[in-house]
J.: 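The following block contains the structure, expressed as structure tokens.
Whatever order the structure lists them in is the order used to number ligands and atoms, beginning at 1. Counting begins at 1 with the first residue of the sequence.
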Amino acid sequence: MEKKQQLYEGKAKKVYATSDPELVIVSYKDDATAFDGLKKGTIVGKGAVNNRMSNMMMKLLEKSGVPTHFVEELSDRETLVKKVSIVPLEVIIRNVSAGSFAKRYGVEEGIPFDEPTIEFSYKNDDLHDPLLNSYHALALHLATKEEIGTIKAYAFKVNEVLKAYFLSIGVKLIDFKLEFGRLKDGTIVLADEISPDTCRFWDAQTNEKLDKDRFRRDLGGVEDAYREIFQRVAGK
Ligand code: ADP
Ligand code: UDP
């Protein structure tokens with residue numbers, strides 16, 4: 001499939017049209033941002049890790065009954081996906097307290113929850129992705145009631161599948177962000193990426209962070225962490 005004009009350049013990926021109006025190519029960059037774009041940097045090799053890891057996760061999820069945008073990996077950095085209209089919600093699932101949850105509610109990081117939590121942010125850069133609940137999402141017409149029901153069910157299913165999978169490679173899945181989109185016929189599918197940029201991964205034995213927190217928090221060993229989590233996923 002041939003890459004045509006660039007449709008969009010985001011912080012971590014570019015999106016290109018193809019000769020098929022229902023398919024686009026995503027191209028993963030090494031650019032990294034954090035704190036609402038205030039912190040910028042490069043993580044060498046990140047684009048390839050995120051692309052390949054995300055594709056492996058999408059394939060696993062398809063097998064487990066979660067429809068995704070994945071079509072075909074084209075190269076280390078590029079993947080053909082079904083074009084969707086993104087539902088402007090960031091869907092966050094948490095198994096263990098960390099990040100903004102720990103800060104907002106004044107608890108330590110690392111407290112496991114009895115049940116996973118779900119939250120939404122409104123995907124809107126101008127408003128800095130404010131937190132909202134499903135009533136707000138309905139009031140703003142971001143999605144229908146039925147779509148929100150489907151998205152919640154898929155998000156918890158993704159959590160069950162990925163939690164078990166990561167535990168099998170010695171990694172605790174702390175939390176993650178998902179994005180969903182609508183195909184032309186309105187079908188909801190999982191889109192965007194599943195990677196160390198969008199998930200928190202802690203080594204099951206040592207709690208060492210194997211994700212973007214190493215970049216956000218200047219912990220060092222950023223490239224090594226991306227390499228390590230990728231090697232575990234790839235079974236190397
Ligand atoms: P951001 O827009 O937050 O800077 P990225 O750099 O990751 O994020 O850009 C990728 C963009 O492509 C995001 O806006 C994402 O919502 C969108 N996207 C992801 N998957 C698809 C898809 N299958 N079809 C169309 N757009 C997609
Ligand atoms: N996350 C993301 N994109 C965002 C915000 C969060 O991928 O714009 C992911 C983040 O990597 C983490 C989870 O969602 O795995 C929860 O993030 P949190 O709300 O704790 O925010 P943060 O601490 O990253 O500001």
J.: Can you report which non-hydrogen protein atom sits closest to atom 11 (C) of ligand 1, along with the distance?
T.: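 The answer is Tyr8 CE2, 3.6 Å.
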
J.: With a cut-off of 3.5 Å and sequence neighbours excluded, list every side-chain donor-acceptor pair involving residues 136-145.
T.:
from: His136; atom 1: ND1; to: Asn133; atom 2: N; distance (Å): 3.1
from: His136; atom 1: ND1; to: Asn133; atom 2: OD1; distance (Å): 3.4
from: Thr144; atom 1: OG1; to: Glu147; atom 2: N; distance (Å): 3.0

J.: Are there more than 12 heavy atoms of other residues, nucleotides or ligands under 6.0 Å from atom CG of Asp185?
T.: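 Yes.
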
J.: Test your reading of the model: is there a side-chain donor-acceptor pair from Ser97 to the backbone of Gly110, 3.5 Å cut-off?
T.: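 Side chain of Ser97 to backbone of Gly110, a donor-acceptor pair under 3.5 Å: yes, one is there.
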
J.: Let's go through Asp211 and Arg200 carefully: what are the C-alpha distance in whole Å and the side-chain angles of both, what is the deciding distance for salt bridge (charged side-chain N to carboxylate O under 4.0 Å, His left out) to 0.1 Å, and is it a yes or a no?
T.: CA-CA 6 Å; Asp211 57 57; Arg200 285 194 169 93; 5.3 Å; no

J.: Taking all non-hydrogen atoms of both residues, which atom of Glu73 and which atom of Arg52 are closest, and how far apart?
T.: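 Minimum heavy-atom separation between Glu73 and Arg52: OE1-CA, 3.7 Å.
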
J.: Scan residues 79-88 for pairs that pass side-chain hydrogen bond (donor to acceptor under 3.5 Å, both in side chains), counting only residues two or more places apart or in two chains.
T.: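 Every pair satisfying side-chain hydrogen bond (donor to acceptor under 3.5 Å, both in side chains) with a residue in residues 79-88: Asn51-Thr79, Asn55-Thr79.
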
J.: With heavy atoms of Val15 as the reference, note each atom of ligand 1 found under 4.0 Å away.
T.: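 Atoms satisfying the 4.0 Å criterion: 12 (O).
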
J.: Considering non-hydrogen atoms of the protein only, which is the closest contact for atom 18 (N) of ligand 1, and what is the distance?
T.: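 For atom 18 (N) of ligand 1, the nearest protein heavy atom comes out as Ile86 CD1, 3.7 Å.
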
J.: Of the backbone atoms (N, CA, C, O) and the side-chain heavy atoms from C-beta on, which set of Glu179 has a member under 4.0 Å from an atom of ligand 1: side chain, backbone, both, or neither?
T.: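 Near ligand 1, Glu179 shows its side chain, while the N, CA, C and O stay back.
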
J.: Write down, by chain and number, every protein residue that brings a non-hydrogen atom to less than 4.0 Å from an atom of ligand 2.
T.: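 Near ligand 2, by chain and number: Glu90, Ile92, Arg94, Ala98, Gly99, Ser100, Asp175, Phe176, Lys177, Asp197, Thr198, Cys199, Arg200, Arg216.
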
J.: List the closest protein heavy-atom neighbour of atom 20 (N) of ligand 1: residue, atom name, distance to the nearest 0.1 Å.
T.: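 Residue, atom and distance for the closest contact: Asp192 N, 3.2 Å.
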
J.: Checking a contact table here: which protein heavy atom is nearest atom 7 (O) of ligand 1, and how many Å away?
T.: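 Ranking protein heavy atoms by distance from atom 7 (O) of ligand 1, first comes Lys13 NZ, 2.5 Å.
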
J.: Which of the atoms of ligand 1 are close to Ala12, meaning less than 4.0 Å from one of its heavy atoms?
T.: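 It comes down to these atoms of ligand 1: 5 (P), 6 (O).
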
J.: Side chain of Glu109, backbone of Gly99: donor and acceptor closer than 3.5 Å?
T.: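 Yes, Glu109 side chain to Gly99 backbone: donor-acceptor pair under 3.5 Å.
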
J.: Is Met53 reachable from Leu80 through a run of hydrophobic residues whose side-chain heavy atoms are each under 4.5 Å from the next?
T.: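 The answer is no; the residues belong to distinct hydrophobic clusters.
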
J.: With heavy atoms only and a cut-off of under 4.0 Å, state how Val84 meets ligand 1: side chain, backbone, both or neither.
T.: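 For Val84, the contact with ligand 1 is made by both the backbone and the side chain.
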
J.: Test of understanding: clusters of I, L, V, M, F, W, Y form through side-chain heavy atoms closer than 4.5 Å, transitively. Do Tyr165 and Phe70 belong to the same one?
T.: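 Yes, it is one cluster - the side chains of Tyr165 and Phe70 are joined through contacts under 4.5 Å.
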
J.: Quick test of your reading of the structure: of Glu90, His69, Lys123, Lys14, whose heavy atom lies closest to atom 23 (N) of ligand 1?
T.: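 Nearest option to atom 23 (N) of ligand 1, by heavy atoms: His69.
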
J.: Return the set of residues passing ring pair (Phe, Tyr, Trp, His ring centres under 6.0 Å) with Phe201 (not counting sequence neighbours), or none when no residue passes.
T.: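 Only Phe166 meet the ring pair (Phe, Tyr, Trp, His ring centres under 6.0 Å) criterion with Phe201.
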
J.: Give me the nearest non-hydrogen protein atom to atom 3 (O) of ligand 1 as residue plus atom name, then the distance to 0.1 Å.
T.: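 Result: Lys11 NZ, 3.3 Å.
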
J.: With heavy-atom distances below 4.0 Å as the criterion, list the atoms of ligand 1 near Lys83.
T.: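 Those qualifying, in numeric order: 24 (N).
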
J.: Are Leu61 and Val84 grouped together when hydrophobic residues (ILVMFWY) are joined by side-chain heavy atoms under 4.5 angstrom apart?
T.: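 No, Leu61 and Val84 fall in different hydrophobic clusters.
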
J.: Mark up the atoms of ligand 1 that fall under 4.0 Å of a heavy atom belonging to Val81, in ascending order.
T.: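 It comes down to these atoms of ligand 1: 23 (N).
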
J.: Determine, using the 4.5 Å side-chain heavy-atom cutoff (strictly less than), whether Val158 and Val233 are members of one ILVMFWY cluster.
T.: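 Same hydrophobic cluster.
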
